[in-house]
Each structure stands twice: as C-alpha cells, then as structure tokens.
J.: 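This is the structure I have questions about; it appears just below.
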2 protein chains.
Amino acid sequence: MNKKHPERLTPAEARNMLKDIFANAGIKLTPQRIEIFREVYGTDSHPSAEAIYDKLKQKMPTISIDTIYRTLGTLEKLGLINRVSALDRQSRFDANTEKHHHFICTECGRITDFYWPSFDSSSLPDELKAHGRILSRHIEVRGICTECLQKKKK
Amino acid sequence: MNKKHPERLTPAEARNMLKDIFANAGIKLTPQRIEIFREVYGTDSHPSAEAIYDKLKQKMPTISIDTIYRTLGTLEKLGLINRVSALDRQSRFDANTEKHHHFICTECGRITDFYWPSFDSSSLPDELKAHGRILSRHIEVRGICTECLQKKKK
DNA sequence: TCCTTATTAAGATTAATTCTTATTTAAGAA
DNA sequence: TTCTTAAATAAGAATTAATCTTAATAAGGA
C-alpha cells in the first residue's frame, strides 16, 4: 500500500515520455517544460511554483517565474499534474497521478500521500447526486506529523 | 441527512453565544467581531473575506478589510469557524461546525456541504498512523454543479 | 535551412492578505 | 459611573502570489 513515487527522470526520458502527449495537444516541447515537469514528477514533496523556480534557476539562470506558472498550468490542463490546495496561500503541485489522498501537517505544512483503494472504489452518499456530476473525490487528513511531534517533546 | 444550517443570529443572540468563549480566551468582544461572526454563522455560502466586507460596509461604513481578516483569523483560532480551501485563490470561511464535507464545482467555484456520518466514524487505513497524529478528516468531491450543467445544455 | 507562430524573459500589474501607526474602545478597577 | 489601560480598530502602506504585456527567441514543420 505504501507506493513509492517513480525515480527522477533524465531529460531524455522526460522528453520521450512527453513527446507524443505534447504533439497530440499541438503544443511545443521546450527545454523549460521538460525541466519543470522533471521537478514535479521526480518528487513527492508537492513543490510550490516558487520552490521549482529556486531549484531550476541553478541550471537555467534566465528562467522566469512566469514560465513556471504558465507551464504548471499547461501541465495541469494536460492532466499530467494536479494542483493541491495547501494550508498557506501558495498552490502546491503533484505529479502523482495515481489515486491517492493527503495527510497535511497543521504545524509545518508538509503534505504526504496515502493510498486507500477500497475508499476510491466505494460508493458515495446518494445525497451527492443532487449536487451535480461527480468527477473526483479526495480525502484531506489533517494532523501533526511525526517530525513535529518529536520537536514538541523536547 | 440533509441538515440545514442554523438561522441567522440577532446581534444579542450572537453576543450571548460568544460572551463566555471570548472572556475565557481573554479577548474583547467588539461589535465588529459580533457582526463578522454573524455573517459567517448565518449562511452556508462559505463567504470570502471580501464578500463579508462588502456586506458589512453597509451597516458599518468605516469597517476595514484588515479587521475582517484579523477577526476571521481570531474566530478560526477559537475553533468557531474553519478556513476552506477553495479553487480560486481567495480563502473561504465556514461556521458549520458539524462534521461535514464539500462538493466543489470546478466551473463556478460554488461550495456545497454534504454529510456522511458513517464515513466520519469509520476507521482510516493503518498506514496513516505512521504519518503522525490525526486531528481531522475531510472529503472534497469535485464535479460540475447542477446549475452549471443546466447552463451547458443551452 | 528557412518560416511561421507559439513560447519565453523581463518587468509591470493585479489582487489577496498582512503590517504599521495613530486613534478609539472594551472591560475591569476605583 | 467614571477612570484606566491594554487591546482592537481604521487607514493606508507594504508584501506576496500570480498574471499580464511586449519584444525577442526558438520549436517544429515545410
């Protein structure tokens, strides 16, 4: 149940993975897009746009924060990543496209994934049909992560 | 299962309800705080700070947006209301303190409540214990609300 | 290799939220 | 009831996340 996220991709692997998806969507595959995808795909840290920017500036010193935001939006539209609602006001992004849910630490804001396939395939209350057409479901568990509990003991 | 939210409180009722809570917390009960609480408590529309501001300016023309934000933060700390993660970047607030979950329309952003007591009392996956101490759980269902479905037909 | 058009970088702009400071007021004491 | 004082407010400035504008660049097909 404790699935690990795939390893970080090489640029060539990422290009290979994205090539057809981008071609079909009729949009260009730029080095910026490849690098930004690699940053989100290769980690389960749910990075913010800012965090990705800080990281990528090292390899691509002229990249602009606007490109990060635009590309994250593009990747979101393509269904390659998801925007996660966080505690603070920065959006966080997630390339784990397997069905999963989030544990959010109310102390430090860290987001970790958990899996619950039996919930994913169970039926929701009938009442919900009256609200509209359902597209997805997601559980947010809030609490204090083990690391913050440790710190508090001291 | 389709619980209705309580009616809007009179200022006197709100004062009565908040008096001890504020006294115990050692903070002052101002007219602004009473009015802001009434706005969130008496509705299930999950208003934004901006929406509350626009509404209250009519009765209290000199109230400032900063007071709205500060007071919402205070009410949140007291556990009287909750901050809801919305689709757009404005926070939304909710004084429905009964256990409930949200249906969020991806078209118009409207948030509606639903109830699922059997989920609330069911046990979560064991795996989660390793993440930390759990304080709460909440389901977000995304979809297209009946109103937006109607509009699309036309 | 060349062309066309989408994409990018840079910096300006917007919008939500928070901070600073002088003024006002709630609530307890006299 | 009036006084006192710390806490709360209003106003406007500041900050920060995110988006927009525009001129320069580069992807990808011809």
Side-chain angles (χ1 to χ4, degrees), chain A residues 11-12 14-16 18-37 46-54 56-78 81 83-93 109, chain B residues 11-12 14-16 18-37 46-54 56-78 81 83-93 109:
Chain A
R15 172 178 290 277
N16 220 38
L18 296 175
K19 203 176 178 191
D20 291 348
I21 298 169
F22 276 56
N24 286 339
I27 63 180
K28 293 177 180 171
L29 189 50
T30 65
Q32 290 89 339
R33 285 174 172 169
I34 290 170
E35 287 305 317
I36 291 164
F37 177 70
H46 307 87
S48 65
E50 200 70 27
I52 296 169
Y53 179 57
D54 290 342
L56 280 188
K57 256 192 308 196
Q58 295 165 32
K59 322 179 183 175
M60 304 179 114
T62 69
I63 199 164
S64 80
I65 185 74
D66 179 62
T67 298
I68 310 285
Y69 279 110
R70 248 186 306 100
T71 300
L72 289 169
T74 303
L75 294 173
E76 192 186 8
K77 260 184 227 144
L78 293 174
I81 65 172
R83 191 181 295 261
V84 177
S85 61
L87 270 188
D88 46 5
R89 58 180 155 138
Q90 281 187 303
S91 291
R92 305 279 217 95
F93 296 86
Chain B
R15 173 178 289 278
N16 220 39
L18 298 175
K19 202 176 178 188
D20 290 349
I21 297 168
F22 276 56
N24 284 341
I27 64 180
K28 294 177 181 173
L29 190 50
T30 66
Q32 291 89 338
R33 284 173 172 171
I34 289 170
E35 288 305 318
I36 292 164
F37 177 69
H46 308 84
S48 64
E50 198 72 27
I52 296 169
Y53 179 58
D54 290 342
L56 281 187
K57 255 193 306 195
Q58 295 165 34
K59 322 180 180 170
M60 305 180 114
T62 68
I63 199 166
S64 80
I65 185 75
D66 179 61
T67 298
I68 310 285
Y69 279 108
R70 247 185 306 102
T71 300
L72 289 170
T74 303
L75 294 172
E76 192 186 9
K77 259 183 228 144
L78 292 173
I81 65 173
R83 192 179 294 260
V84 177
S85 61
L87 270 188
D88 46 6
R89 55 180 156 141
Q90 281 186 304
S91 292
R92 305 278 219 94
F93 296 86

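Keep in mind it's a predicted model, so treat the numbers as computed, not measured. Each chain gets a letter, A, B and so on, in the order the sequences are listed, and its residues count up from 1.
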J.: A side-chain contact here means heavy atoms from C-beta on lying under 4.5 Å apart; do B:Phe93 and B:His46 qualify?
T.: no
J.: Separation of B:Tyr69 atom OH from D:dA10 atom C1', in whole Å?
T.: 16 Å
J.: By nearest heavy atom, map B:Gln32 and A:Arg15 onto DNA chain D; which one lands nearer the 5' end?
T.: B:Gln32
J.: Without decimals, in angstroms, what is the distance between B:Ile34 CD1 and C:dT25 C1'?
T.: 13 Å
J.: Rounded to the nearest angstrom, tell me the gap between atom NZ in B:Lys19 and atom P in C:dA26.
T.: 14 Å
J.: Quick one: is C:dT8 close enough that its OP1 or OP2 comes under 4.0 Å of any side-chain N or O from A:Ser64?
T.: no
J.: Side chain of A:Thr71 only, please: which of C:dT8, C:dT17, C:dA26 is the nearest?
T.: C:dT8
J.: Counting C-beta onward and ignoring hydrogens, is there a side-chain heavy-atom pair between B:Leu18 and B:Arg33 closer than 4.5 Å?
T.: no
J.: Mind calculating the distance between CZ (B:Arg83) and C1' (C:dT17) to the nearest angstrom?
T.: 9 Å
J.: Taking atom C1' of C:dT25 as reference, at what distance in whole Å does atom CD1 of B:Ile27 sit?
T.: 15 Å
J.: Does CZ belonging to B:Arg15 count more than 12 external heavy atoms closer than 6.0 Å?
T.: no
J.: Is there side-chain contact between A:Leu78 and A:Phe22, with at least one heavy-atom pair below 4.5 Å?
T.: yes
J.: Once you round to the nearest 0.5 Å, how far does CD1 of A:Ile68 lie from NZ of A:Lys57?
T.: 9.5 Å
J.: Expressed as a whole number of angstroms, how long is the span from A:Ile63:CD1 to C:dT7:P?
T.: 15 Å
J.: Classify A:Ser91 by what it touches in the nucleic acid, base, sugar-phosphate, or nothing, heavy-atom distance under 4.0 Å.
T.: sugar-phosphate
J.: Nearest 0.5 angstrom please: A:Arg92 CZ to A:Ile52 CD1, how far?
T.: 10.5 Å
J.: Using a heavy-atom cut-off of under 4.0 Å over every strand shown, decide if B:Arg33 touches base, sugar-phosphate, or nothing.
T.: sugar-phosphate
J.: How is A:Ile65 classified with respect to the nucleic acid when contacts are heavy atoms under 4.0 Å: base, sugar-phosphate, or nothing?
T.: nothing
J.: Does A:Arg70 have a side-chain nitrogen or oxygen under 4.0 Å from the phosphate oxygens OP1 or OP2 of C:dT8?
T.: yes
J.: Whole-Å distance between D:dT9 P and B:Leu29 CG?
T.: 10 Å
J.: Check every strand shown and say whether A:Pro31 touches a base, only sugar-phosphate, or nothing at a heavy-atom separation below 4.0 Å.
T.: sugar-phosphate
J.: Does D:dT9 have OP1 or OP2 sitting under 4.0 Å from an N or O in the side chain of B:Thr30?
T.: yes
J.: Looking at D:dC20, D:dA18, C:dT7, which one has an atom nearest to any side-chain atom of A:Asp66?
T.: D:dC20
J.: Got a list of protein N/O to nucleotides 12-15 of chain C N/O distances below 3.5 Å?
T.:
none

J.: Expressed in angstrom and rounded to an integer, what is the separation of A:Glu50 atom CD from D:dT19 atom P?
T.: 13 Å
J.: Can you figure out which of D:dA7, C:dT17, D:dA26 approaches the side chain of A:Lys28 most closely?
T.: D:dA26
J.: In this structure, are over 12 heavy atoms from other groups packed under 6.0 Å from B:Lys19 atom NZ?
T.: no
J.: Can you find a pair of side-chain heavy atoms, one from B:Thr30 and one from B:Thr67, that are under 4.5 Å apart?
T.: no
